[in-house]
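Because the structure is a prediction, the values reported are computed rather than measured. Excluded from the calculations below are hydrogen atoms, water molecules and symmetry mates; all remaining heavy atoms, backbone and side chain alike, are included.
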Amino acid sequence: QVQLVESGGGLIQAGGSLRISCRVSGRIFRVNAMGWYRQTPGKERELVAEKRIGTTYADSVKGRFTISIDDAKNMADLQMNNLKPEDTAVYYCKADVQERYNTLRRDYWGQGTQVTVSS
């Protein structure tokens with residue numbers, strides 16, 4: 001009974017900025033980590049940014065993307081600056097969640113939001 005909903009995304013020109021958001025809801029006891037991944041058709045899903053104890057970024061987005069977490073709202077935003085055409089992908093939110101009333105802990109995924117960067 002955990003859901004992830006992403007918002008934002010869209011079509012933007014290279015060099016522009018975009019902010020996408022993810023909210024985790026449901027029977028949550030604790031969110032241990034949240035992150036953003038992306039996937040292009042024919043390619044494997046790859047990590048973009050993740051916050052656990054520390055923060056991890058893909059080399060390709062370092063200095064351009066910033067992940068921020070609102071613990072009270074179980075939300076994770078990804079601020080994407082200086083976007084490049086190669087950033088075009090479906091962006092997926094992932095949350096490591098321990099559910100309420102039990103010991104179940106697993107990764108949950110959102111449905112994804114499309115980000116398209118034109119040159």
Side-chain angles (χ1 to χ4, degrees):
Q1 195 69 22
V2 174
Q3 303 86 37
L4 278 68
V5 178
E6 300 108 331
S7 62
L11 175 64
I12 193 167
Q13 292 185 342
S17 298
L18 202 61
R19 189 178 185 93
I20 55 177
S21 299
C22 173
R23 182 175 183 178
V24 185
S25 63
R27 303 177 70 85
I28 300 168
F29 176 75
R30 180 177 180 178
V31 177
N32 299 288
M34 295 189 70
W36 284 96
Y37 291 68
R38 66 187 181 188
Q39 187 170 23
T40 300
K43 301 291 185 180
E44 295 183 350
R45 191 171 297 183
E46 65 174 353
L47 182 146
V48 176
E50 186 172 53
K51 181 68 170 66
R52 191 174 290 272
I53 300 300
T55 306
T56 301
Y57 292 97
D59 288 340
S60 60
V61 307
K62 287 181 179 178
R64 299 188 297 119
F65 290 11
T66 303
I67 186 170
S68 59
I69 307 297
D70 186 332
D71 291 321
K73 297 182 178 181
N74 293 319
M75 294 181 63
D77 289 354
L78 184 68
Q79 178 67 44
M80 302 179 288
N81 297 327
N82 191 24
L83 283 160
K84 303 176 180 180
E86 51 263 45
D87 295 318
T88 296
V90 177
Y91 284 71
Y92 296 91
C93 181
K94 186 185 79 172
D96 176 359
V97 179
Q98 181 175 344
E99 297 187 21
R100 295 173 64 187
Y101 311 122
N102 59 47
T103 60
L104 179 64
R105 176 179 171 178
R106 55 159 284 186
D107 289 338
Y108 289 87
W109 292 88
Q111 293 299 306
T113 184
Q114 177 71 46
V115 173
T116 302
V117 184
S118 63
S119 60

So which heavy atom on V24 is nearest to which on A95, and how close?
CG2-CB, 3.7 Å

In this structure, which one of L11, L78, T116, V115 forms a side chain to side chain contact (heavy atoms under 4.5 Å, CB included) with L18?
V115

Are any non-hydrogen side-chain atoms of N32 and R52 less than 4.5 angstrom apart?
yes

Under a 4.0 Å N-O cut-off, is there an ion pair linking K84 with D87?
no

Show the nearest heavy-atom pair for residues L47 and A58, with the distance to one decimal.
O-CB, 3.3 Å

Any idea which heavy atoms bring F29 and R100 closest together, and the distance?
N-CG, 3.4 Å

From the list V61, V117, I20, side chain to side chain contact (heavy atoms under 4.5 Å, CB included) with M80 holds only for I20

Is there a donor-acceptor pair closer than 3.5 Å between any side-chain N or O of T113 and the backbone N or O of G8?
yes

I'd like to know whether T88 forms a side-chain contact (heavy atoms from CB on, under 4.5 Å) with T40, so could you lay out the CA-CA distance, the side-chain angles of the two residues, the decisive distance to 0.1 Å, and finally the verdict.
CA-CA 7 Å; T88 296; T40 300; over 6 Å; no

In one Ile/Leu/Val/Met/Phe/Trp/Tyr side-chain cluster, 4.5 Å: V2, Y92
no

Least distance between heavy atoms, P85 atom then A14 atom
CD-CB, 4.1 Å

Point-to-point distance, once rounded to the nearest 0.5 Å, from CZ of R23 to CG of D70:
9.5 Å

Between Y57 and F65 the two heavy atoms that sit nearest each other are CE2-O, 3.3 Å

Scan Q79, R19, K51 and name whichever one has a side-chain hydrogen bond (donor to acceptor under 3.5 Å, both in side chains) with S68.
R19

Can you tell me if E46 has over 12 outside heavy atoms packed within less than 6.0 Å of its CD?
yes

If you round to the nearest 0.5 Å, how far is CD of E99 from CZ of R106?
8.0 Å

Polar side-chain atom of R27 near backbone of Q1 as donor-acceptor pair, under 3.5 Å:
no

Any heavy-atom pair between the side chains of Q13 and L83 that's under 4.5 Å?
no

Do T103 and R105 make a side-chain contact, defined as non-hydrogen atoms from C-beta onward lying under 4.5 Å apart?
no

Hydrophobic cluster membership, with links at side-chain heavy-atom distances under 4.5 Å among I/L/V/M/F/W/Y: are V90 and W36 in one?
no

Applying a strict under-4.5 Å side-chain criterion to I, L, V, M, F, W and Y, I'd like to know whether I69 and V5 cluster together.
no

How many angstroms lie between atom CE of M75 and atom OG of S25, to the nearest 0.5 angstrom?
11.0 Å

Can you measure from CZ (R38) to NZ (K43) and round to the nearest 0.5 angstrom?
12.5 Å

Under 3.5 Å, is there a donor-acceptor pair between the side chain of E6 and the main chain of C22?
no

Measure the acute angle between the ring planes of Y37 and W109, then classify it against the limits of 30° and 60° as parallel, tilted or perpendicular.
perpendicular

